[in-house]
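Naming: A, B, ... by sequence-line order, numbering from 1 per chain. Remember, predicted model here, so these are calculated numbers, not experimental data. The basis for the numbers below is simple: all heavy atoms, side chains too, and nothing from hydrogens, waters or symmetry mates.
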Amino acid sequence: MEKTYKPEIVERKWLESWDDSLYYFDAALDKPSYVIDTPPPYPTGDFHVGNALNWCYIDFLARYKRMRGYNVMFPQGWDCHGLPTEVKVEERHGISKRQINKQEFRALCKQLTQENIAQMKGMMQRLGMSIDWSKEFVTMDDRYKRFTQLSFLKMYHNGMIYQAEHPVNWCPRCETAIAFAEVEYEDRDASLNYILFKKVGEEQEVEYVEIATTRPELLASCVAVAVHPDDERYKDIAGRELVVPIFEHTVTVYEDESVDPAFGTGVVMICTFGDRQDVRWWKLHNLPLIASIDERGRMTEVARGYEGLTATECKKRIIEDLNAQGLLKKREPLQQNVGVCWRCKTPIEIISTRQWFVRVMHDEIIKASEAITWYPEHFAIRLKNWVDSMEWDWCISRQRIFSVPIPIWYCKRCGAVKVASEDELPVDPTMTSPKMPCANCGGTEFVGEQDVLDTWMDSSLSALWVAGWDLNAMQPSGKGIEFPVALRPQGHDIIRTWAFYTILRSLALTQKIPWHTILINGMVLGEDGYKMSKSRNNFISPNEVIQEHGADVFRQWAAIGGAVGSDVQFRWKDIVAASKFMQKLWSILRFAMLHLSDYQYEEGSAVNLRVIDKWLLSKLNKLILSVTDAMENYKFDEAMKDIRIFAWNVLADDYIELAKSRLYGRSGDEGKESAKYALYETLQTLSKLLAPFIPFYAEEMYSYIKPGKSVHKEQWPEVKRDMINAEAEMEGDLIADITRAVRRYKSEHGIPLNAPLGKLEIYVEDLDSGDMENATATKVELCKDVSKIENDENTLDVNGTKVRIIKE
RNA sequence: GGGCUCGUGGUCUAGUUGGUUAUGACACCGCCUUCACGAGGCGGAGGUCAUGCGUUCGAAUCGCAUCGAGCCCA
């Protein structure tokens, strides 16, 4: 055996020899199932450190549950559709999606996605993920697309999906509707403009009302003005009419509690639509809709004289014109939070268009969320807060290309909606026509729906997909699978999206919650304590760690970095510490194999265990208890820490030091067998406890102890309760503590640690001191009469036990 | 502006049912090339737990307030 542990060699060896089938979910097995609703990542090609953390958690559980006798399904999917890939493809081929036809464009997207999947898959495999690749799913494949479209049909037919004209968040650059979940907020510098609105009916003397707004370009869309009902300053204008400058149409002044009298002048103009509050007012007061900005972010014909300008250009021109007319009182700078498209950071507009929506059943979702076990518990409140704050239904139509088409046509003659039938799926309604004529008018000419589905419509089905849910039979199609499934692991950043949408769709399609437990992981922060980002230059890729220290080290960091759910900081020194532990484990194994290479282990064979052997085995069985308990509660950090402390402090520092000379047989064969037994028993258990965390090393270790066997096919260790021995632990602790105290004495007195002392007088009834004599290289004499000893510097007190050191 | 989490030696951290000398790691200091390991071993110094008030016989651990940090978001 090499002196240094070489992860690159060991890990490569096992990667090559392990067979994928080791991790297959076997429907024929008569075992309880443990199905994981693994996140299908977006195939960007980059499996980043945050992904890797999450996947480590999943793999710890998958491996642990397998060893606990569960039939584990750890599938892997890919959430392919969406704008980022479209943008990448345009960049890569130097084209615009409008230059080539949809089919060609989709093919290019598919190709890029496949390449990215291959890259990310490689990283998952390199990290030792025990994924069942026979269950891989890809949302852009026909089978999955069919499933998505079928789910659309089911929800359309049961009234959960409808089409309506409604204001939606709109990205003028991407030219598509987006959901709230896709809107981000950024601080921007804006100006607050104080504009004069003329009061109507002031014949003699013209009077004005001053209104502050950040969006003068929306003046054409101004449909009302509002003041707070208690605002004494504006009592006289409530209910009256004002003239909108430049566009000269009149609007009514409403009183509304939501107006903030402290902001600007306390008078607000209501436009269709400047922000979400405008939509609320528009609905509440039944106001007309005047759209002045179109889908490309340009002014419509409503904005007479500014038509065709972009909103930004228009704003500039209107400010100039207001100024020229003396209607601009003043401008002041303002820090503003604007909603931007999560993808391209373009400020969003709120535009009313005809879109498809999914009904949000607030109460049912909250009830379902309460029926799910959240870990950590406190994240449940995030979902609740989100549901409570949702004002509009979920807009699921997108004006994009690389996504699942909405399986709908419109009759050319009467305009009626024609829904695809189940046997037509998957279908692209822009490419094919329905088989049956229009049910309304008998027409046979149709126009296909151009819009496609929000990608969350795909990924929110993942739980149903992995369970093999049959949307017609209303049950899982596969054998041995329960629904709800066992576990949903995911990050807290997508609670409002993926978790929310999955619960919603599961309720709508199955009337059940999707999973029993949701396990939320934190984000990975950079070494500087901030979120990793390109601009901060604090990025780490898992690959860097693996190249230098191996996958096991990365996995150890993931386990020990922090409690599940809390954000963990990446630190190289933790990586180094993990790497040192690998070397320690390797040294332990090397030492053990010096003595165990031809040892024939037989359980329970050693009857004459020495105190220190019993002490070790007692602590080992307690370790099984604590690690098992930690695993059951997703406390991977505690499990890994307990294992480290045991292996390093208990086994290596204390036990091996104490039992060493017996193993070397320095004083004959006495106690040799029992030491071998204890050591073997410990190593075999240790490799099993390590298997979920560091599968490569655990397998290597096991291959020495049990040649030809895989630790990953073994059962999780059972606690041997009769081995837990309080008496042996107390005596063993005393032996270890006295040994430590003697070492300290030698260190303080400048005596080499391996130099013998005269003798040790230990004032105790009884003690198995043989191992201590060897470890301290000093004779031990047990003494009874404590009263006679002098309390000088040569008398040590070890937990109440007096130890006298006789130098010569 | 809201929500969530958190604030323990130089750095990171354990300490979620309040009760003896507050855990460990890294860094630091001293000693040791001892036959598993020098990316090692042995030993040592260093904190009163953000701040304030309160509950209690007793608080890092409970409550309130203030300050600060991070994350997610409006």
Side-chain angles (χ1 to χ4, degrees), chain A residues 1-5 50 180-181 183-187 260 263 275-277 335-339 342 376-386 388-391 491-497 520 522-532 548-549 553 560-563 565-596 633 635 637-638 641-642 644-645 647-649 651-653 655-657 660-661 663-664 666 679 739-755 775-777:
Chain A
M1 288 171 81
E2 297 245 14
K3 199 168 174 180
T4 321
Y5 181 61
F180 276 118
V183 180
E184 281 183 6
Y185 290 81
E186 274 186 9
D187 278 331
D260 177 5
F263 185 82
D275 59 22
R276 212 165 147 182
Q277 182 60 39
Q335 266 287 314
Q336 202 189 16
N337 252 310
V338 292
W342 70 283
E377 222 176 325
H378 70 257
F379 282 116
I381 195 78
R382 282 209 191 173
L383 187 81
K384 189 180 180 300
N385 289 342
W386 172 242
D388 286 343
S389 74
M390 282 196 87
E391 292 178 57
H492 62 65
D493 53 335
I494 48 175
I495 288 174
R496 318 177 336 157
T497 48
I520 304 291
M523 304 287 112
V524 178
L525 309 177
E527 286 215 81
D528 55 5
Y530 294 99
K531 188 181 171 178
M532 284 192 187
E548 260 184 80
H549 301 280
V553 162
I560 219 159
S566 55
D567 293 345
V568 288
Q569 200 173 336
F570 181 87
R571 277 189 304 267
W572 278 107
K573 63 180 189 181
D574 290 343
I575 295 295
V576 171
S579 163
K580 286 182 183 176
F581 183 56
M582 299 304 304
Q583 177 59 39
K584 193 72 196 178
L585 286 171
W586 181 248
S587 302
I588 290 170
L589 181 63
R590 266 186 83 216
F591 171 80
M593 293 321 292
L594 290 176
H595 308 285
L596 298 177
N633 293 292
K635 296 184 173 178
D637 55 332
E638 286 185 16
K641 271 178 204 164
D642 286 348
R644 260 199 211 180
I645 288 167
W648 207 313
N649 301 25
L651 176 60
D653 291 349
Y655 181 79
I656 290 180
E657 286 305 321
K660 204 179 230 177
S661 68
L663 286 162
Y664 280 117
R666 281 181 195 142
L679 190 57
T739 307
R740 229 185 304 280
V742 172
R743 277 194 215 121
R744 188 184 311 131
Y745 178 90
K746 285 180 175 176
S747 171
E748 281 164 2
H749 290 78
I751 300 167
L753 288 181
N754 55 352
T776 57

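- For D493(A), taking side-chain heavy atoms from C-beta onward, the closest of the listed nucleotides rC72(B), rA25(B), rG70(B) is rC72(B).
- Rounded to a whole angstrom, the distance from the P atom of rU48(B) to that of rC37(B) is 41 Å.
- To the nearest angstrom, C1' of rC28(B) lies 12 Å from NZ of K573(A).
- Listed nucleotides: rA39(B), rU16(B), rC42(B). Nearest to the side chain of K635(A): rU16(B).
- Across all their heavy atoms, I588(A) and A652(A) have their closest contact at CD1-CB, 3.9 Å.
- The pairing partner recorded for rU61(B) is none, the criterion being a Watson-Crick or G-U wobble arrangement whose two distances lie under 3.5 angstrom.
- Nearest heavy-atom pair across E657(A) and D653(A) is CG-O, 3.0 Å.
- What separates CH2 of W386(A) from C1' of rC4(B) is a distance of 15 Å, to the nearest Å.
- The heavy-atom pair separating G50(A) from V524(A) by the smallest distance is CA-CG2, 3.8 Å.
- K384(A) comes within contact range of no nucleotide atom at all, as no heavy-atom separation falls under 4.0 Å.
- Across all strands shown, rC26(B) forms a Watson-Crick or G-U wobble pair, both distances under 3.5 Å, with rG10(B).
- Side-chain proximity of K641(A) to the nucleotides rC37(B), rC72(B), rU13(B) is greatest for rU13(B).
- Nucleotide rU20(B): unpaired (no Watson-Crick or G-U wobble partner with both distances less than 3.5 Å).
- The side chain of E657(A) lies closest to rC37(B) when the candidates are rC37(B), rA25(B), rA39(B).
- Look at the C1' atom in both rG68(B) and rU51(B): the space between them is 10 Å, to the nearest Å.
- The two residues H595(A) and L663(A) make their nearest non-hydrogen contact at ND1-O, 3.5 Å.
- Among rC42(B), rA39(B), rC71(B), the nucleotide with an atom closest to any side-chain atom of S579(A) is rA39(B).
- Pairing each heavy atom of L383(A) with each of I495(A), the nearest pair is CD1-O, 3.6 Å.
- A residue-by-residue look at R590(A) and A741(A) shows that R590(A) has its nearest nucleotide of RNA chain B further toward the 5' end.
- Annotation: rG70(B) and rG30(B) have their P atoms spaced 37 Å apart (nearest Å).
- Separating the CG atom of N649(A) from the P atom of rG43(B) is a distance of 11 Å, rounded to the nearest angstrom.
- Below 30°, between 30° and 60°, or above 60°: for Y5(A) and W586(A) the angle between ring planes is between 30° and 60°, a tilted geometry.
- Rounded to a whole Å, the CG atom of D567(A) is 8 Å from the P atom of rC71(B).
- Contact between the side-chain N/O atoms of W648(A) and the OP1/OP2 oxygens of rG41(B) is found at a separation under 4.0 Å.
- Here R382(A) lies in heavy-atom contact (under 4.0 Å) with a base.
- Using a 4.0 Å heavy-atom criterion, one finds that K746(A) contacts no nucleic acid atom at all.
- Between the side chain of Q583(A) and the backbone N or O of T4(A), no donor-acceptor pair lies under 3.5 Å.
- Comparing rC4(B), rC37(B), rG70(B) by their closest approach to the side chain of S587(A) singles out rC37(B).
- Nucleotides rA60(B) and rU23(B) place their P atoms 14 Å apart, quoted to the nearest Å.
- Rounded to whole Å, the separation between the C1' atoms of rC67(B) and rC53(B) comes to 15 Å.
- One P atom belongs to rG19(B), the other to rA45(B), and the distance between them is 26 Å to the nearest Å.
- Counting any heavy atom pair closer than 4.0 Å across all strands shown, I495(A) reaches no nucleic acid atom.
- Counting non-hydrogen atoms under 4.0 angstrom, R740(A) reaches the backbone sugars and phosphates but no base.
- At rA74(B), one or more side-chain N or O atoms of R496(A) fall inside 4.0 Å of OP1 or OP2 (strictly under the cut-off).
- Atom CH2 in W586(A) sits about 12 Å away from atom C1' in rC37(B), given to the nearest Å.
- R382(A) has its side chain out of reach of I520(A): every pair of non-hydrogen atoms, C-beta onward, lies at least 4.5 Å apart.
- Taking 4.0 angstrom as the limit, K584(A) places a side-chain polar atom (N or O) nearer than this to OP1 or OP2 of rG41(B).
- Aromatic ring pairs are classed by plane angle as parallel below 30°, tilted from 30° to 60° and perpendicular above 60°; the pair W572(A) and H549(A) is tilted.
- Within 4.0 Å of I381(A), counting heavy atoms only, lie sugar-phosphate atoms of the nucleic acid but no base atom.
- Rounding to whole angstrom units, NE2 of residue H492(A) and P of rC73(B) are separated by 9 Å.
- A distance of about 12 Å separates the P atoms of rU5(B) and rG63(B), rounded to the whole Å.
- Base pairing of rG40(B): its partner is rC32(B), meeting the Watson-Crick or G-U wobble criterion (both donor-acceptor distances under 3.5 Å).
- Here rU55(B) sits opposite no nucleotide as a Watson-Crick or G-U wobble pair (both hydrogen-bonding atom distances under 3.5 Å).
- The 5' end of RNA chain B is approached more closely, in terms of each residue's nearest nucleotide, by F379(A) than by the other of F379(A) and I588(A).
- Protein atom CZ of F570(A) is 16 Å distant from nucleotide atom C1' of rU11(B), rounded to whole Å.
- Atom name P, nucleotides rC28(B) and rA14(B): the rounded distance is 23 Å, in whole Å.
- With rC12(B), rC4(B), rA39(B) as the choices, the nucleotide that has an atom nearest any side-chain atom of H549(A) turns out to be rA39(B).
- In this structure, A592(A) reaches neither bases nor backbone, as no heavy-atom distance under 4.0 Å exists between it and the strands shown.
- If you check rG1(B) for Watson-Crick or wobble pairing at under 3.5 angstrom, you find it paired to rC73(B).
- For L525(A), the side-chain atoms get nearest to rC71(B) when compared with the rest of rU11(B), rC37(B), rC71(B).
- Contacts of D637(A) with the nucleic acid, taken as non-hydrogen atoms under 4.0 Å apart, are absent.
- With rounding to whole Å, I645(A) atom CD1 is found 8 Å from rU23(B) atom C1'.
- If you check rC12(B), rC26(B), rG70(B) against the side chain of Q569(A), the one that comes closest is rC12(B).
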